[in-house]
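Have a look at the structure below, then the notes.
Naming convention: chains lettered A, B, ... in sequence-line order (proteins, then strands); numbering from 1 in each chain.
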2 protein chains.
Amino acid sequence: MEAKELLRTHVTKSASLTEEQFDYFFSHFQKQDFKKGQAIITAGDTVNCEYFVISGCLKSFYINEDIKMFILQFAMPTWWASDYSALYNNTKASINVDCITDAEVLCLSNDDREKLCNELHQVEHFFRWRTNRGYVAAQKRLLSFMNNNVKYRYEELLKLYPELYNIVPKNLIAAYLGVSRETLSRLYTS
Amino acid sequence: MEAKELLRTHVTKSASLTEEQFDYFFSHFQKQDFKKGQAIITAGDTVNCEYFVISGCLKSFYINEDIKMFILQFAMPTWWASDYSALYNNTKASINVDCITDAEVLCLSNDDREKLCNELHQVEHFFRWRTNRGYVAAQKRLLSFMNNNVKYRYEELLKLYPELYNIVPKNLIAAYLGVSRETLSRLYTS
DNA sequence: CTGTTTATGTGATGTAGGTCACTCCCCTAC
DNA sequence: GTAGGGGAGTGACCTACATCACATAAACAG
């Protein structure tokens, strides 16, 4: 079973679960399919779930008052996405999540995650490490933002995730880098 | 006992530990005193510990090739600081931590944290939630960076942490906002 | 197949913030 | 006391990137 194996491999990198424990863990996930362009979380929504990507590519993004989009994260297979601020604090979404390509995801509710963390120490361990890595990555990105110019950040991104180049249009890359699509376009032409 | 109470109050906000469990937890921390300007972690060091601030104010910062400083975080009482990338991945520090004012901290080693997380499920729960909050805060700051100008970010910072205004010199505030001290200085004068 | 939307390039011009250079002030160490 | 260093203000000039406007080509729906 494709999705189950992907999740198992991912989780057992930082936690050791028995076969039965993983089966129990997995039984709380719900498989969902989405089409390219479809919204998963929309600003203003109540947020109940986080999503583990099996195939395809998602983006989580913020739209400001001037309808300008800022991309917080792309999510490729084995990545997680949600509006974590809304999910953890039980508030309305301020972030959107949608599909850059057709996508299959596994959906886990906030309540089930907390229940599983309570019941299985190793699950709590797994989620601690997942967030640890996310935190360190967010700090790195923040530093790169302050320290490096657009060209450097663009090359850094493509070096880290070369697969994005073929999947994600340049205007979205620009929204991730926090520059206008025009500036990104001019980087290698003029 | 001052430091112990501060830590207890902080921890029990997101985890329930019995008196004995907390005593055991606390026994792994080591009290340390630092003077204004003293370094706690220097880039290139091996990083073994994270630090819980009891009194005073720390900063964690990165120095680039042009000797320009970027501040990742200020740390006031009940905040934690370290080079988490180095700490978690067991690599050399690329981040510095030092004291803006005289400071008292509680120091917890990486090994002890992992040991405690293993022995006490509630401790693992606490650290998961601590990082969750950190992750959400880092994402918020990233968004504010992309979306807002310096003046807005400065006012947002002072609204969130008014105590910084009296403790932290403006050139350090500028380094936190990712802007030159001259630009920050000009915000309200011209 | 065709009209419409989406992605991308490019010129002209505007602007926020950077850099450099100089000044003044206050604090602390001797 | 005074010398020296750090914090802070400010003028002159520079530059990276934004914005607007227009053009073109590919992708996509009817």
task = Classify the side-chain pair A:S60/A:Q73 by whether it contains a donor and acceptor separated by less than 3.5 Å.
result =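 Looking only at side-chain atoms, A:Q73 and A:S60 do not form any donor-acceptor pair under 3.5 Å.
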key: Between B:S85 and A:Q139: side-chain donor-acceptor atoms closer than 3.5 Å   =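 No, because no side-chain N or O of B:S85 sits under 3.5 Å from a partner of the opposite role on A:Q139.
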Could you write out each protein N or O paired with an N or O of nucleotides 20-30 of chain C at a distance under 3.5 Å?
from: C:dC20; atom 1: N4; to: B:E182; atom 2: OE2; distance (Å): 3.1

Just how far, in rounded Å, is [atom2] of [N] from [atom1] of [X]?
X      : N      : atom1 : atom2 : value
A:F145 : D:dA16 : CZ    : P     : 17 Å
A:N147 : C:dG18 : CG    : P     : 13 Å
B:N148 : D:dA18 : CG    : C1'   : 16 Å
A:L187 : C:dG9  : CG    : P     : 10 Å
A:N64  : D:dA18 : CG    : C1'   : 14 Å
A:K170 : D:dA27 : NZ    : C1'   : 16 Å
A:L184 : D:dA18 : CG    : C1'   : 14 Å
B:Y188 : D:dT10 : OH    : P     : 15 Å

Per A:N149 side chain, nearest of listed nucleotides C:dT8, C:dG17, D:dC17 =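 Output: D:dC17.
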message = I want to verify a distance call: between C:dG18, D:dA8, C:dA7, whose nearest atom is closest to the A:P169 side chain?
response =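 Among C:dG18, D:dA8, C:dA7, the one nearest the side chain of A:P169 is C:dA7.
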With a 4.0 Å limit, can you tell me whether [X] has a side-chain N or O closer than that to the phosphate oxygens OP1/OP2 of [N]?
X      : N      : answer
B:N171 : D:dG6  : no
B:S180 : C:dG17 : no
A:T183 : D:dC17 : no

Set of residues satisfying salt bridge (Lys or Arg N to Asp or Glu O under 4.0 Å) with respect to B:E50, sequence neighbours excluded =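 Residues passing salt bridge (Lys or Arg N to Asp or Glu O under 4.0 Å) with B:E50: B:R113, B:R130.
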query = Can A:R141 be said to sit on top of B:F145's aromatic six-ring, NZ or CZ under 6.0 Å from centre and within 45° of the ring axis?
reply =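 Geometry flag: not set, cation outside 6.0 Å or 45°.
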task = Any chance you could lay out the salt bridge (charged side-chain N to carboxylate O under 4.0 Å, His left out) test for B:K4 and B:D23, step after step, and finish with the verdict?
result = CA-CA 9 Å; B:K4 189 169 178 178; B:D23 285 346; 2.9 Å; yes
Sidechain N-carboxylate O distance under 4.0 Å for A:D102, A:K36 =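 No, this pair does not count.
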Residue that, paired with B:F52, satisfies ring pair (Phe, Tyr, Trp, His ring centres under 6.0 Å) out of B:F29, B:F25, B:F26, B:W80 =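 Only one of B:F29, B:F25, B:F26, B:W80 forms a ring pair (Phe, Tyr, Trp, His ring centres under 6.0 Å) with B:F52, namely B:W80.
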task = Classify the nucleic acid contact of B:K68 as base, sugar-phosphate or nothing, counting any heavy atom under 4.0 Å across all strands shown.
result =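 Result for B:K68 = sugar-phosphate.
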message = Any base atoms under 4.0 Å from B:G37, or only sugar-phosphate, or nothing? Heavy atoms, all strands.
response =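 No contact.
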